[in-house]
Amino acid sequence: MRFSKLFGKTLRQAPAEAESVSHQLLLRAGMIAQEAAGIYSYLPMGWRVLKKIENIIREEMDKAGGQELMLPVLQPFELWQQSGRYVSFGKSLFTLTDRKEHTLALGPTHEEVITDLVHRYVQSYRELPLLLYQIQTKLRDEPRPRSGLLRVREFIMKDLYSFDADEAGLDESYQKMCKAYRNIYARLGLPTLVVEADSGAIGGKESHEFMVLTEGGEDEVIYCSSCGYAANVEKAQFAKTAETVIPVSRNPESSEGEAKNLLSLEEIATPGTKAIEEVADFVGVPTSQTLKSVFYYADGEFIFVITRGDLEVNETKLRNALKCSDLRLATESEVNEAGLVAGFASPIGVKGVKVVADDSITLGSNFVVGANKPGYHFRNANYPRDFQVDLMADIALAQPGDSCLRCQGKLSLARGIEVGHVFKLGTFISERFGASFLDNDGKSRPIVMGCYGIGLGRLLAAIVEQSHDDQGIIWPLSVAPYQVYLCPLSLDKPMVAPTAEKIYQELQKEGIEVLFDDRDDSPGVKFNDADLLGIPLRLTLSPRTLQSQSVEAKWRMEKEAQLLPLENLAVQMKKLLDEAVKAQS
RNA sequence: CGGGGCGUAGCGCAGUUGGUAGCGCGCAGCGUUCGGGACGCUGAGGUCGGAGGUUCAAGUCCUCUCGCCCCGACCA
């Protein structure tokens with residue numbers, strides 16, 4: 001490709017709307033262009049990268065036994081009613097009506113379509129296992145598109161669906177996919193961490209995410225460096241320490257003789273203390289000896305949530321515990337309307353309200369808790385002596401510094417980009433679509449499903465987030481839009497232009513992908529563009545190098561250049577590139 | 001949806017008490033340059049996001065509206 005003819009120009013300054021590194025660099029390099037919030041065009045450079053990523057994914061899916069097919073974007077809304085998932089997807093599901101006033105959905109994912117399809121074609125265990133995949137556009141009306149390609153409303157995704165006869169088969173398919181995913185990320189030069197994840201709107205029981213750890217990521221990962229435990233913060237568990245009981249009462253007689261050292265409930269004045277820290281300070285106890293009350297609306301129902309005062313509520317865990325789809329904090333006036341005193345609310349004596357508690361409230365005793373009266377708290381509140389809860393679950397947010405549930409090591413937190421997500425769906429979708437098969441006993445059983453997704457654009461952006469310097473992108477050879485940047489300087493000087501032209505032809509004949517900077521620009525412009533675009537190998541020729549019958553070769557990620565003789569250049573280049581590919585894998 | 005910010009040339013920005021729009025980059029032409037974003041001259045490019053209002057006069061003031069970005073609740 002001749003640079004002078006390339007569509008999409010490089011920019012010195014990034015457009016103001018771009019904030020994340022990948023967004024800025026991809027815009028500046030002329031690889032993508034924005035059309036609307038979360039909607040992008042791929043320009044020729046960016047599209048070449050995307051297609052290379054796509055091919056790597058396709059190769060690995062095929063190698064794992066996947067069969068590629070193509071499912072429709074336009075889907076009958078009835079499929080979504082049948083699965084029931086139009087509820088969990090909510091407003092993220094784009095819908096439209098056709099000329100006959102029939103509602104159609106724009107596919108945010110394809111479990112419905114493929115399960116409907118498989119149910120019509122698969123009847124016997126002999127046809128299982130089955131791995132079907134596609135690479136195509138998904139549409140989701142995300143509440144907030146973000147960070148360029150990292151979170152968009154229209155995106156290309158590889159989605160594979162596994163169909164197995166039983167759980168053991170699903171485990172096998174799941175492992176096969178995890179391995180294929182690891183191969184893909186390795187070939188893209190992308191270090192990833194596999195973390196336990198919440199399955200969200202997709203549903204299912206077990207799921208893992210593949211995370212690229214980087215500052216710009218929007219996910220948070222909790223991990224333990226001693227035992228290797230890692231989970232999305234939405235899912236992460238931790239060891240809740242049992243707090244040692246500090247007797248808070250000055251009544252010595254009540255602190256003796258009790259099996260669990262439970263003291264009697266006592267109302268105390270705590271004027272002006274609303275926040276947990278203020279209350280704890282005022283009473284003189286650690287926050288872990290207080291109880292925190294938080295209020296939510298879950299699918300329209302008012303919920304009273306209690307955790308130990310040192311812990312925060314994990315809304316994903318809470319949502320799962322409540323099995324609700326819509327969850328939001330209640331406003332202060334809603335709290336008051338529920339008959340509670342915001343800041344001094346108490347589970348003691350509360351009536352007609354659903355109470356959910358984190359199981360940490362059983363690890364400790366004699367807690368300080370609101371008295372539901374302005375300016376007053378109780379001390380020595382104990383569950384279940386003083387109050388009841390409707391639901392007890394783990395709904396606490398893991399935080400860095402907490403202890404690992406498995407090994408007691410210290411947990412750490414890192415930001416990451418979710419570049420892949422695999423789910424063990426089980427049978428809840430196949431059952432709704434009647435996707436069953438006859439086993440070898442002639443018994444009808446639901447097909448056990450899994451699904452496995454990779455967002456290609458996000459993957460592309462993740463590579464940039466993770467592989468760049470202040471000059472621009474550094475593409476791994478496997479996905480670079482071109483392998484070689486041919487960069488002649490002083491084109492009007494004798495021999496430069498014709499030699500460059502000749503090299504350009506020879507390299508192409510050798511099957512090397514070349515971006516030929518045939519522009520009559522100064523060296524600085526050319527070098528800066530070469531770096532910005534991130535082409536792995538730069539070949540510079542100038543009167544200076546031609547004097548010694550050579551050209552200069554420089555790797556994008558290295559500082560030093562080497563001189564290569566003009567003679568047999570294409571063959572040498574081919575060798576260089578092949579060696580680099582080998583070194584990478 | 002809640003909170004914050006921004007819409008003026010392709011990109012980055014300026015525009016004073018309201019007086020009819022400018023700078024840098026980029027783009028076109030000519031010339032001089034040529035190993036890390038060179039320089040000179042000439043030139044093209046604007047419904048000032050949109051609608052309504054106030055005014056002799058609106059990029060500037062008022063009202064409404066649309067779009068985009070960032071922080072939160074959602075996801076590949």
Near-ring test [Y]/[X], centroid separation under 6.0 angstrom:
X: Phe516(A); Y: Phe3(A); result: no
X: Phe304(A); Y: Phe295(A); result: yes
X: His208(A); Y: Tyr181(A); result: no
X: Tyr133(A); Y: Tyr161(A); result: no

Got a salt bridge between [X] and [Y], using NZ or NE/NH1/NH2 to carboxylate O under 4.0 Å?
X: Glu54(A); Y: Lys51(A); answer: no
X: Asp141(A); Y: Arg153(A); answer: yes
X: Asp358(A); Y: Lys317(A); answer: no

Please report the distance separating the [atom1] of [N] from the corresponding atom of [M], rounded so that it comes out in whole Å.
N: C23(B); M: G15(B); atom1: C1'; value: 10 Å
N: G52(B); M: C71(B); atom1: C1'; value: 33 Å
N: G59(B); M: U8(B); atom1: C1'; value: 7 Å
N: G22(B); M: U33(B); atom1: C1'; value: 30 Å
N: U32(B); M: U17(B); atom1: C1'; value: 48 Å
N: U60(B); M: G72(B); atom1: C1'; value: 34 Å
N: G2(B); M: A44(B); atom1: P; value: 48 Å
N: G26(B); M: U63(B); atom1: C1'; value: 38 Å

Under 3.5 Å on both distances, the Watson-Crick or G-U partner of [N]:
N: A58(B); answer: none
N: C64(B); answer: G50(B)
N: A9(B); answer: none
N: G2(B); answer: C71(B)
N: C27(B); answer: G43(B)
N: A14(B); answer: none
N: A38(B); answer: U32(B)

Under 4.0 angstrom, heavy atoms only, what part of the nucleic acid is [X] near: base, sugar-phosphate, or nothing?
X: Leu327(A); result: sugar-phosphate
X: Tyr452(A); result: nothing
X: Arg458(A); result: base
X: Gly420(A); result: sugar-phosphate
X: Ala16(A); result: sugar-phosphate
X: Glu17(A); result: sugar-phosphate

State which of [options] makes the closest approach to the side chain of [X].
X: Gln34(A); options: C68(B), C13(B), A76(B); value: C68(B)
X: Ser92(A); options: A76(B), C75(B), C74(B); value: C74(B)
X: Asp219(A); options: C74(B), C75(B), C70(B); value: C75(B)

Gln67(A) side chain near Leu160(A) side chain, heavy-atom distance below 4.5 Å: no

Do Val221(A) and Asn232(A) have side-chain heavy atoms sitting under 4.5 Å apart? no

In whole Å, I'd like the distance from the [atom1] atom of [X] to the [atom2] atom of [N].
X: Lys317(A); N: A73(B); atom1: NZ; atom2: P; value: 15 Å
X: Glu234(A); N: C75(B); atom1: CD; atom2: P; value: 7 Å
X: Glu315(A); N: G2(B); atom1: CD; atom2: P; value: 17 Å
X: His208(A); N: C75(B); atom1: NE2; atom2: C1'; value: 18 Å
X: Phe7(A); N: G10(B); atom1: CZ; atom2: P; value: 15 Å
X: Phe210(A); N: C75(B); atom1: CZ; atom2: P; value: 19 Å
X: Glu19(A); N: C6(B); atom1: CD; atom2: P; value: 14 Å
X: Met157(A); N: C75(B); atom1: CE; atom2: P; value: 13 Å

Pair Glu465(A), His468(A): side-chain N/O donor-acceptor within cut-off below 3.5 Å: no

Tell me whether the side-chain N/O atoms of Gln13(A) come closer than 4.0 Å to OP1 or OP2 in G26(B). no

Give a yes/no verdict on a cation-pi contact between Lys138(A) and Phe155(A), requiring under 6.0 Å between NZ or CZ and the six-membered ring centre and an angle within 45° of the axis. no

Taking protein heavy atoms under 4.0 Å as touching, what does nucleotides 32-43 of chain B look like 5' to 3' if B marks base contact, S marks sugar-phosphate-only contact and - marks none? --BBBBS-----

Working note: Trp80(A) + Gln75(A), criterion side chain to side chain donor-acceptor pair (under 3.5 Å); need CA distance, chi angles, decisive distance, verdict. CA-CA 9 Å; Trp80(A) 288 86; Gln75(A) 308 176 355; 2.9 Å; yes

Of residues 133-155 of chain A, the positions that come close to RNA chain B - non-hydrogen atoms, cut-off under 4.0 Å: Arg140(A), Glu142(A), Pro143(A), Arg144(A), Pro145(A), Arg146(A), Ser147(A), Arg151(A), Val152(A), Phe155(A)

Between Tyr40(A) and Leu456(A), the residue closer to the 5' end of RNA chain B by nearest nucleotide is Tyr40(A)

